[in-house]
Chemist: 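Below is one structure. I have some questions about it.
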Amino acid sequence: MLKNASLKKYNTFGIDAKADWLTEIDSVEQVLTIIDDLPDMPKLILGEGSNVLFLNDFKGIVLHNNIKGKKIIEETEDYIIVDVNGGEIWHDFVMWAVENNYGGIENLALIPGKVGTAPMQNIGAYGVEVKDVIESVYTVDITTCEPKTFSKIACDFGYRHSVFKLPENKGQYFIHKVRFKLYKKDYQINTSYGAIQSVLERKNIKNPALKDVAEAVIEIRRSKLPDPKVTGNAGSFFKNPFVKLSKLKKLQETYPEIPFYKTENRDLVKIPAGWLIDQAGWKGKRFGDAGVHHKQALVLVNYGKATGMDIKNLADKIIADIQDKYDIILQPEVNFIDNDNRTQ
Ligand code: FAD
Ligand code: EPU
C-alpha cells in the first residue's frame with residue numbers, strides 16, 4: 001500500500017493529484033479485506049484513469065483494479081461466453097477476440113481503460129457499444145461487502161450511460177468481472193461508419209475480416225485522437241447532446257450545415273458536440289497548460305502542468321459559450337473526482 005501516492009501516472013490527463021493511500025487490487029478477496037479493515041475510509045475505484053479528472057487530492061484510498069484473468073465458460077459452434085476479470089486491459093481483450101476470430105468488439109479497438117470499467121459508461125465507438133455483447137456484470141458492494149450480479153437489462157445501458165453512473169450508485173459497486181457473448185458464426189461485421197469504409201476501400205479490402213476492421217479503427221483513432229502518453233487527455237470531454245427535432249429545425253435556420261444523427265427515438269437527434277465547440281471558435285485555444293485539442297474540439301488537453309481545476313474552468317467556459325450560442329447545455333462525459341468518496 002502506498003502512502004501519499006502521486007496519481008499523475010494513474011490518470012491519462014496527467015493531473016498531479018495525490019491520494020492519502022493507494023493499493024493494487026489483485027482479487028475480490030482483497031477488496032473485501034480492505035472494506036473490513038477500513039470501513040470508514042473514503043474509497044475510489046480506479047481502472048486506467050482514462051475517464052477521470054481529479055479536481056483535488058483524494059482524501060482516502062484508491063483501489064487500483066488489477067484483477068487479471070479470463071475464462072471461456074461456454075462454447076458452441078456459433079458463439080462463446082467468456083468471463084473477463086475487471087483488471088484486464090480492454091484493448092488486449094479486443095485483440096485476443098480478433099485473433100481468435102470471435103466477433104463483436106473489433107470496432108472498440110484501442111479504447112483505453114480496463115474491462116471492469118467498460119460497462120460503467122457503456123463504451124462505444126464506430127457504430128458499436130459494449131452493451132451489444134455484455135451478458136452480465138459481477139460486482140461487490142463496497143459498503144456492505146455483498147456480491148451483486150447485474151443482468152444486461154438491470155444495467156440499463158444507454159448512450160454513455162448505465163445504472164452504475166446514477167448518482168446513488170456511483171462508486172458503490174466494484175465491478176470485478178464481466179461476462180461477454182462473442183460470435184463465431186453468422187456474425188454481421190459493422191462497417192457502416194464512413195471512415196472505416198474509406199480505409200477498407202483504400203486498402204482494396206472487399207470482404208473484411210475482424211482483423212481488417214480492428215486495424216482500420218486503430219488507424220482512424222491514431223489519426224484523430226491525441227495519444228495520452230504524449231498529451232494528457234481523457235478522450236471526449238463532453239457527451240454528444242440529444243436535441244428535439246423542433247430544436248434542430250430552429251438551429252438549421254442559422255446553421256444550415258449543422259451535422260446530426262438519427263437516434264432510436266424519432267423525435268430526438270444527436271448533434272456532435274465537437275462540431276458545436278469547433279464552430280464556436282474553441283479549437284486549438286490554450287489557457288496556460290489547459291487547452292482544446294487542435295484536431296478534435298471535443299477533447300480537452302493538459303499540456304503539462306494544468307490542474308484539474310484549470311481543465312474544469314476551461315470546460316465551464318465552453319459550456320457557458322455553447323449554451324449562449326446554441327441554447328444547448330453540454331454534459332461532461334468525464335467523471336470529476338472530488339474530495340469525498342463519490343465521483344460526480
Ligand atoms: P477510469 O478512468 O479509471 O474510471 C472511470 C470511472 O469509472 C470512475 O468514476 C471510476 O471510479 C469508475 N470505475 C473504474 N473502474 C471501476 C470498477 N471496476 N468498478 C466500478 N467503477 C469503476 N470512451 C468511449 O466510450 N469511446 C471511445 O471511443 C473512447 N475513446 C477514448 C480515447 C482516449 C484517447 C481516451 C483517453 C479515452 C477514451 N474514452 C472513450 C474514455 C475511456 O477510455 C473509457 O471511459 C474507459 O472505459 C475508461 O476506463 P478506465 O479503466 O480508464 O476508467
Ligand atoms: N467535428 C468537428 N470539429 C471537431 C470535431 C468533430 O466539426 O473538432 C465534427 C466531425 O466533422 C464529425 C462530427 O463532429 O462530423 C463527429 O466527429 P467524430 O467522428 O470525431 O466523433 P465524435 O462525435 O467527436 C464520438 C465519440 C468518441 C468515439 C467516436 C467514434 C462521444 C462523446 N464521442 O466522437 O468517443 O470514439 O465518436 O465513434 O460520443 C470518448 O467517448 O471518449 C470518445 C472518444
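Counting convention: from 1, in listed order, for ligands and their atoms alike.
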Chemist: Looking at ligand 1, is there an atom of it that comes within less than 4.0 Å of some heavy atom belonging to Ala234?
Modeler: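 A heavy atom of Ala234 does come that close to ligand 1.
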
Chemist: Is Arg160 in contact with ligand 2, taking contact as a heavy-atom separation below 4.0 Å?
Modeler: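 Under 4.0 Å: yes for Arg160.
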
Chemist: How about CD on Gln188, more than 12 heavy atoms from neighbouring residues, nucleotides or ligands closer than 6.0 Å, or not?
Modeler: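 No, CD of Gln188 has 12 or fewer neighbouring heavy atoms, counting only those of other groups under 6.0 Å.
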
Chemist: Measure the distance from atom 22 (P) of ligand 2 to every protein heavy atom, then report the residue, atom name and distance (to 0.1 Å) of the closest one.
Modeler: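 Nearest neighbour among protein heavy atoms for atom 22 (P) of ligand 2, to 0.1 Å: Gln296 NE2, 4.0 Å.
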
Chemist: I want to confirm something. Looking only at heavy atoms, which of Pro112, Ala125, Gly124 is nearest to atom 26 (N) of ligand 1?
Modeler: Gly124

Chemist: With heavy atoms of Gly113 as the reference, note each atom of ligand 1 found under 4.0 Å away.
Modeler: 49 (O), 50 (P), 51 (O), 52 (O)

Chemist: Distance to 0.1 Å, residue and atom name: give those for the protein heavy atom nearest to atom 7 (O) of ligand 2.
Modeler: Trp275 CD1, 3.4 Å

Chemist: So, are Lys184 and Asp78 salt-bridged, with charged N and O less than 4.0 Å apart?
Modeler: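 Salt bridge: no.
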
Chemist: Measure Asn65 to ligand 1 on non-hydrogen atoms and call it side chain, backbone, both or neither using the 4.0 Å cut-off.
Modeler: side chain

Chemist: Would you mind running through ligand 2 and noting each atom that sits below 4.0 Å from a heavy atom of Ala125?
Modeler: 36 (O), 38 (O)

Chemist: Find all atoms of ligand 1 within a distance of less than 4.0 Å from any non-hydrogen atom belonging to Asn233, and give their numbers and elements.
Modeler: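 Once the distances to Asn233 are compared, the set is 34 (C), 36 (C).
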
Chemist: By number and element, which atoms of ligand 2 are closer than 4.0 Å to a non-hydrogen atom of Asn240?
Modeler: 23 (O), 31 (C), 32 (C), 39 (O)

Chemist: Going by the order shown, which atoms of ligand 2 are within less than 4.0 Å of some heavy atom of Phe238?
Modeler: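 Within the 4.0 Å cut-off of Phe238, ligand 2 contributes 32 (C).
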
Chemist: Would you say Ala297 has any N or O atom under 3.5 Å from an N or O of ligand 2, going by distance alone?
Modeler: yes

Chemist: Taking only heavy atoms of Pro272, which atoms of ligand 2 are found under 4.0 Å from at least one of them?
Modeler: 13 (C), 14 (O), 16 (C)

Chemist: Contact between His293 and ligand 2, counting heavy atoms under 4.0 Å?
Modeler: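 For ligand 2, residue contact (heavy atoms, under 4.0 Å) with His293 is absent.
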
Chemist: May I ask you to list the atoms of ligand 1 that are less than 4.0 angstrom from any heavy atom of Tyr173?
Modeler: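 Taking each heavy atom of Tyr173 in turn, ligand 1 has 19 (N), 20 (C) under 4.0 Å.
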
Chemist: Side chain or backbone of Arg221 under 4.0 Å from ligand 2, or both, or neither, by non-hydrogen atoms?
Modeler: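 Side chain only.
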
Chemist: Are Arg222 and Asp227 ion-paired here, with the side-chain N under 4.0 Å from a carboxylate O?
Modeler: no

Chemist: Only one of Leu38, Leu2, Ile34, Asn66 forms a side chain to side chain contact (heavy atoms under 4.5 Å, CB included) with Thr23, so which one is it?
Modeler: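 Considering Leu38, Leu2, Ile34, Asn66, a side chain to side chain contact (heavy atoms under 4.5 Å, CB included) with Thr23 is found only for Ile34.
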
Chemist: Does the side chain to side chain donor-acceptor pair (under 3.5 Å) test come out yes or no for Thr307 and Asp310, once each step is laid out?
Modeler: CA-CA 5 Å; Thr307 63; Asp310 293 337; 3.2 Å; yes

Chemist: Side chain, backbone, both or neither: which applies to Ile123 and ligand 1 if a contact is any heavy-atom pair less than 4.0 Å apart?
Modeler: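 The answer is both.
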
Chemist: Under the 3.5 angstrom rule, does the side chain of Lys43 hit a backbone N or O of Met41 as a donor-acceptor pair?
Modeler: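 A pair under 3.5 Å: yes.
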
Chemist: Closer than 4.0 angstrom, basic N to acidic O: yes or no for Asp321 and Lys317?
Modeler: no

Chemist: For ligand 1, indicate whether the residue Met120 contacts it via side chain, backbone, both or neither (heavy-atom separation under 4.0 Å).
Modeler: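 The answer is the side chain of Met120.
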
Chemist: My question is simple, although I want it checked carefully: is atom 36 (O) of ligand 2 less than 4.0 angstrom from any protein heavy atom?
Modeler: yes

Chemist: State which residue, out of Lys177, Lys71, Lys70, fulfils the salt bridge (Lys or Arg N to Asp or Glu O under 4.0 Å) condition with Asp83.
Modeler: Lys177

Chemist: Any ion pair linking Lys211 and Glu215 (charged N to carboxylate O, less than 4.0 Å)?
Modeler: yes

Chemist: Relative to ligand 1, is Arg160 under 4.0 angstrom through side chain, backbone, both or neither, heavy atoms considered?
Modeler: side chain

Chemist: Decide whether Glu48 and Thr12 meet the rule of one side-chain donor and one side-chain acceptor closer than 3.5 Å.
Modeler: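 Their side chains do not contain a donor-acceptor pair, so the 3.5 Å distance test is not met.
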
Chemist: May I ask you to list the atoms of ligand 2 that are less than 4.0 angstrom from any heavy atom of Asp278?
Modeler: 2 (C), 3 (N), 4 (C), 7 (O), 8 (O)

Chemist: Quick check: Lys239 and ligand 2, any N/O pair under 3.5 Å apart?
Modeler: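 No, no N or O pair falls under 3.5 Å.
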
Chemist: With the threshold set at 4.0 Å, does a side-chain nitrogen-carboxylate oxygen contact exist between Lys185 and Glu77?
Modeler: yes

Chemist: So, are Arg160 and Glu333 salt-bridged, with charged N and O less than 4.0 Å apart?
Modeler: yes

Chemist: Please state whether Phe260 comes within less than 4.0 angstrom of ligand 2, counting heavy atoms only.
Modeler: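 No.
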
Chemist: Just to be sure I'm reading this right: ignoring hydrogens, which of Asp227, Thr117, Val31, Leu53 gets closest to atom 14 (C) of ligand 1? Compare them by their nearest heavy atoms.
Modeler: Thr117

Chemist: What do the steps show when you test Tyr187 against Tyr102 for ring pair (Phe, Tyr, Trp, His ring centres under 6.0 Å), and what is the final call?
Modeler: CA-CA 9 Å; Tyr187 169 69; Tyr102 303 138; over 10 Å; no

Chemist: Between Asp289 and Lys305 (side chain of the first, backbone of the second, donor and acceptor by atom type, cut-off under 3.5 Å), is there such a pair?
Modeler: yes

Chemist: Does some non-hydrogen atom of Arg221 fall short of 4.0 Å from ligand 1?
Modeler: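 Checking ligand 1 against Arg221, which is what was asked, there is a heavy-atom contact under 4.0 Å.
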
Chemist: Could you check whether atom 10 (C) of ligand 2 has a protein contact, counting only heavy atoms that fall below 4.0 angstrom?
Modeler: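 Neighbour list for atom 10 (C) of ligand 2 is empty of protein heavy atoms (cut-off 4.0 Å).
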
Chemist: Counting each atom of ligand 2 from 1 as listed, which ones have a heavy atom of Leu298 under 4.0 Å away?
Modeler: 24 (O), 32 (C)

Chemist: Could you tell me, atom by atom, which parts of ligand 1 come under 4.0 Å of a heavy atom of Leu46?
Modeler: 3 (O)

Chemist: Have a look at Phe180 and tell me which of Val130, Asp132, Ile80 forms a side chain to side chain contact (heavy atoms under 4.5 Å, CB included) with it.
Modeler: Val130

Chemist: Is the backbone of Gly127 close enough, under 3.5 Å, to the side chain of Asn190 for a donor and an acceptor to pair up by distance?
Modeler: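 Confirmed, Asn190 side chain pairs with Gly127 backbone.
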
Chemist: Mind running ring pair (Phe, Tyr, Trp, His ring centres under 6.0 Å) on Phe54 and Phe336 for me, showing each step along the way?
Modeler: CA-CA 6 Å; Phe54 286 101; Phe336 296 156; over 10 Å; no

Chemist: Does atom CZ of Arg202 have more than 12 heavy-atom neighbours from other groups under 6.0 Å away?
Modeler: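 Yes, enclosed.
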
Chemist: Quick check: Tyr193 and ligand 2, any N/O pair under 3.5 Å apart?
Modeler: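 Indeed, backbone or side chain, Tyr193 has an N or O that close.
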
Chemist: Given that the side chain starts at C-beta and the backbone is N, CA, C, O, which of these parts of Tyr261 lies under 4.0 Å from ligand 2, counting heavy atoms, or is it both or neither?
Modeler: side chain

Chemist: Regarding atom 43 (C) of ligand 2: of the candidates Pro112, Ser236, Ala195, which has the closest heavy atom?
Modeler: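 Nearest heavy atom to atom 43 (C) of ligand 2 lies in Ser236.
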
Chemist: In the protein, what heavy atom is nearest to atom 18 (P) of ligand 2, and what distance, to one decimal place, separates them?
Modeler: Lys224 NZ, 3.6 Å

Chemist: Heavy atom of Gly49 under 4.0 Å from ligand 1?
Modeler: yes

Chemist: Is the backbone of Glu88 close enough, under 3.5 Å, to the side chain of Asp92 for a donor and an acceptor to pair up by distance?
Modeler: no

Chemist: Just which atoms of ligand 2 are under 4.0 Å from any heavy atom in Gly235?
Modeler: 42 (O)

Chemist: Using a 4.0 Å cut-off to any heavy atom of Leu44, which atoms of ligand 1 qualify?
Modeler: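 Once the distances to Leu44 are compared, the set is 11 (O).
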
Chemist: For the residue pair Arg179 and Tyr138, confirm or rule out a side-chain donor-acceptor distance under 3.5 Å.
Modeler: yes

Chemist: Can Tyr159 be said to touch ligand 2, with heavy atoms closer than 4.0 Å?
Modeler: yes

Chemist: With a cut-off of 4.0 Å, which atoms of ligand 2 are near a heavy atom of Lys283?
Modeler: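 Taking each heavy atom of Lys283 in turn, ligand 2 has 3 (N), 4 (C), 8 (O) under 4.0 Å.
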
Chemist: Which heavy atom of the protein is the closest neighbour of atom 38 (O) of ligand 2, given with residue, atom name and distance?
Modeler: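 Looking at atom 38 (O) of ligand 2, the protein heavy atom closest to it is Tyr126 N, 2.8 Å.
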
